[in-house]
Structure formats: structure tokens, C-alpha cells
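In this chain, numbering begins with 1 at the start of the sequence shown. Whatever order the structure lists them in is the order used to number ligands and atoms, beginning at 1.
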Amino acid sequence: MASETISIDYDDLKELGKTGAKIPAIGLGTWGIGGSFHPDYSRDEYWVKIIRKGIELGMWLIDTAEMYARGHAEELVGRAIKAFDRDNVFIITKVWPDNLSYEKVIKAAEKSLARLDTSYIDLYLIHWPTPSMPLKEIMKAFEFLVEKGLVRYIGVSNFDAKLLDEARSYLSKTDIVANEVKYSIADRTIERDLLPYAQKERITIIAYSPLEKGRLAKDRILAQIGRKYNKSAAQVALNWLISKHNVIAIPKAGTESHLKENAEAMGWRLSLEDLRYLDEKYPV
Ligand code: NAP
């Protein structure tokens, strides 16, 4: 039986951690934009247009990484945001495990800034933890970047609750505001430990692969619920995520119609009754 204590978050602008800063409930993923493991320069104009369109539609939070297309995704984001006031977009980028030492983190951040062609990163994350990373040292480098004004907020990605807690223990001047992790209606693993921890501590969960790489767009149960609202299966999958407190989603879209569809997963909410029904159909 689903919990009786579901409380719906109706905000499409959510607070980032406990910073007071607001971010959209749905942002843009960029894995695959401008290449995947290698840069692909053949569709640059197209991708710049897509990112700009997403921002115009309200998805003005962009998730990228130094690893994506070996930096080319960051370059495209940098070009796309030139059409907007810098303060009106929110950029997340991430440092790859190869660069997890004090000195390397700082160099990696400087290189990301150069590719993004901007003077600050809104949110900087450790992309993946490794068993051998010097976490205390890395957190000190993150604090240095904040002190220098090169990074506004810091966070992690793919951390479990225990490691997240450990990372926070090394910080004295700032705190972790977000953890970017895999989360969708079909993969609710984080609800066991991480989500309750994050909600209690007011740390934002940034849900990646929220559409299970597109698979959920074809889900029959989600499509059936969506018909009641004149919404698609993908929109139901995204709305289910953003109805949760401290959770935002970052679907990647490669077409204008997918962008529009994803943006229109905001502005409404599934009913409590439908949320309960979905919780039973897709158990943790
Ligand atoms: P996803 O967002 O779940 O799925 C993307 C796929 O769904 C694409 O093939 C896209 O197709 C399709 N799609 C998007 N909107 C759709 C719609 N409305 N209807 C039907 N299909 C739709 O998967 P993801 O790219 O793995 O995750 C999203 C983002 O999270 C990434 O881009 C990346 O920024 C981030 N991420 C982070 C990590 C990490 O370790 N921190 C790991 C994985 C991903 P089209 O391209 O044709 O639109």
C-alpha cells in the first residue's frame, strides 16, 4: 500500500538546496549533444539552436560535463547562452574522475570555464566517486573555487548517502547543495536511503535519465494515466519526479518537439490518487 503521507511539491521553480536560489523543476541534459565520447562538430548550429529553444521554453538549467564529447558539449552550451543574460541561465558542469586531486580539480574547473566562455559555473559536481579519490582534498579545492568566485555552488553526482555525508564533513565554509543521480519512476533505488537523507537535509536531487533514455515515453501505464490530463507518457514520468520535494529532472532532448513536450511536463501536477496508483504500479 502506498504511503498516506505523499505531499506534492507544486513549485516549478524549486529552491536549490537551502541556498535561496531558484532553479526550474526541469532542465536540459546534454549527454550526446555535440558527440558522446568524442567531439562531433557536424551539427553545431543545430545543437546551439536546440539548447536556446530549451532555455526559451523555461528549461534554463543546463547540465553538462567536461567528459561530454570531450568538452565539446560545454563549448556548445557556452555558445548557446550567449543569446541570454548570463544570470538568467543556470549551468551545471562536472569534473571527471581523472581530475580528482586538489590541483587537477582547479585546473579542470578553469578549463570548463574557458570552454563555457563564462566567468562562473553555477553548480560544480564531482561526476563519479572513485575508491581512491582524496575526498577531503577535493572538497577543499571546491571551497577554494567558491571563494574565488569561479563556482557559485558545489555538489556531487552518483554518491550514496554515506559518502555524501562524508563529503559534507570536510567542508567548513560551504555545503553540498545537490547530488545528481539516476532516478525515474522505473528506478526508485534512491528512495531507500538517499532521497530521505536529501529531503531531511534539504539537498537537491537532480534526477538523470528520468525517461530511462526514452524508454518511458512508450510505457503503456504512463500513457494511460496521461490521457486523463491530455499529456504523454514522457510527461507523466517527468511530472511524477518533480512532484517530489527537493527533486528536479534533467531529460535530454534532441528535437524541438521533445523539448516542448518536456517543458510541458511543468505547469500542472498529477493528482494524489494517480500518484498513489503509480507508486503501486512501480514499486521501490
Ligand atoms: P533521458 O533524459 O532519460 O533520455 C534521453 C532520451 O529520451 C533521448 O534519446 C531522447 O531522444 C529521448 N526523449 C527525450 N524527450 C522525449 C520525449 N518527450 N518523448 C520521447 N522521447 C524523448 O536520458 P539521459 O540522457 O541518460 O539523461 C539525461 C541527462 O542526465 C543527460 O543528458 C546528462 O546531462 C545527465 N546524465 C548524468 C549522468 C551522471 O553520471 N551525472 C549520467 C547520465 C546522464 P531525442 O534525443 O531524440 O530527443
Side-chain angles (χ1 to χ4, degrees), residues 24-37 40 43 46-47 49-51 53-54 57-59 61-69 71-74 76-77 80 90-98 100 112 116 122-130 154-160 163-164 176 178-190 194 204-220 222-223 226 230-242 247-266:
I26 299 184
L28 291 175
T30 63
W31 168 247
I33 286 182
S36 297
F37 295 99
D40 171 356
R43 300 175 75 203
Y46 178 78
W47 288 126
K49 205 174 90 194
I50 285 284
I51 297 166
K53 186 73 191 170
L57 288 167
M59 297 179 293
L61 174 145
I62 305 165
D63 178 73
T64 191
E66 63 170 345
M67 181 267 183
Y68 296 177
H72 191 46
E74 289 182 326
L76 291 171
V77 170
F90 189 97
I91 298 174
I92 305 174
T93 195
K94 321 183 194 77
V95 55
W96 190 242
D98 292 350
L100 293 181
S112 285
L116 289 161
D122 291 283
L123 175 60
Y124 200 45
L125 310 178
I126 299 180
H127 203 147
W128 282 91
T130 68
I154 59 171
V156 292
S157 177
N158 299 301
F159 274 43
D160 62 20
L163 197 56
L164 171 55
I176 283 171
N179 188 4
E180 184 174 308
V181 288
K182 183 164 187 297
Y183 186 29
S184 77
I185 193 167
D187 181 355
R188 299 175 60 185
T189 314
I190 70 153
L194 180 62
T204 299
I205 292 293
I206 303 170
Y208 75 67
S209 304
L211 298 174
E212 292 288 332
K213 304 221 165 262
R215 190 166 59 77
L216 290 178
K218 296 195 181 82
D219 185 280
R220 272 194 318 113
L222 299 181
N230 204 15
K231 296 287 179 185
S232 68
Q235 289 171 323
V236 172
L238 295 174
N239 197 267
W240 179 87
L241 280 170
I242 65 169
V247 176
I248 70 157
I250 48 164
K252 177 259 174 182
T255 64
E256 287 206 15
S257 67
H258 282 168
L259 280 175
K260 189 161 180 294
E261 201 176 318
N262 297 347
E264 288 173 2
M266 294 188 279

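By heavy-atom distance, the residue among Leu238, Ile126, Ile33, Asp63 lying nearest atom 35 (C) of ligand 1 is Asp63. The nearest non-hydrogen atom to atom 24 (P) of ligand 1, considering only Ser157, Ser209, Gly27, comes from Ser209.
Across all non-hydrogen atoms, the minimal contact from Thr255 to Tyr46 is CA-OH, 3.6 Å.
Interface atoms of ligand 1 facing His127, defined by a heavy-atom separation under 4.0 Å, are 39 (C), 40 (O), 41 (N). Near Trp128, meaning under 4.0 Å from one of its heavy atoms, ligand 1 places the atoms 40 (O). The Ile250 neighbourhood of ligand 1 comprises atoms 28 (C), 29 (C), 30 (O), 35 (C), with distances under 4.0 Å to a heavy atom of that residue. The Ala234 neighbourhood of ligand 1 comprises atoms 17 (C), 18 (N), 19 (N), with distances under 4.0 Å to a heavy atom of that residue.
When hydrogens are left out, the protein atom nearest atom 43 (C) of ligand 1 is Tyr208 CD1, 3.2 Å; that is the closest non-hydrogen contact. The single protein non-hydrogen atom nearest to atom 46 (O) of ligand 1 is Lys252 NZ, 2.6 Å, given as residue, atom name and distance. For atom 15 (N) of ligand 1, the closest non-hydrogen atom of the protein is Asn262 ND2, 3.1 Å. Nearest protein heavy-atom contact of atom 48 (O) of ligand 1 is His258 ND1, 2.5 Å. At the top of the distance list for atom 3 (O) of ligand 1, counting protein heavy atoms only, stands Leu211 N, 2.8 Å. Protein heavy atom in closest approach to atom 33 (C) of ligand 1: Tyr68 OH, 3.4 Å. The nearest heavy-atom contact from the protein to atom 4 (O) of ligand 1 is Lys213 CA, 3.1 Å. Regarding atom 31 (C) of ligand 1, its nearest protein heavy-atom neighbour is Trp31 CB, 3.6 Å.
Looking at heavy atoms from C-beta onward, Lys94 lies out of side-chain contact with Met67 at the 4.5 angstrom threshold. Here the side chains of Asn239 and Lys231 are not in contact, with every heavy-atom distance at 4.5 Å or above. Inter-residue side-chain proximity for Val236 and Ile185 is flagged as unmet; no heavy-atom pair is nearer than 4.5 Å. Thr93 places none of its side-chain heavy atoms less than 4.5 Å from the side chain of Val77. Annotation: side chain of Glu212 is in contact with side chain of Lys182 (closest heavy-atom distance under 4.5 Å). Between Pro129 and Asn158, the closest side-chain pair of non-hydrogen atoms falls below 4.5 Å. Inter-residue side-chain proximity for Val95 and His127 is flagged as unmet; no heavy-atom pair is nearer than 4.5 Å. When side chains are defined from C-beta on, Trp47 does not count as touching Thr30, because their heavy atoms never get closer than 4.5 Å.
Under 4.0 Å from ligand 1, the heavy atoms of Glu261 that appear belong solely to its side chain. Looking at Leu125 against ligand 1, nothing comes within 4.0 Å, counting heavy atoms. Counting heavy atoms closer than 4.0 Å to ligand 1, residue Ser232 contributes nothing at all. For Ala217, every heavy-atom contact with ligand 1 shorter than 4.0 Å involves the side chain, none the backbone. Neither the backbone nor the side chain of Thr64 comes within contact range of ligand 1; no heavy atom lies under 4.0 Å.
For Glu66 and Ser112, the side-chain atoms include no donor-acceptor pair closer than 3.5 Å.
Residue contacts with ligand 1: Lys94 is included, with a non-hydrogen atom under 4.0 Å away.
Salt bridge Asp63/Lys252: absent, no basic N to carboxylate O contact under 4.0 Å.
For Asp122 (side chain) and Ile92 (main-chain N/O), no donor-acceptor pair under 3.5 Å exists by modelled atom type.
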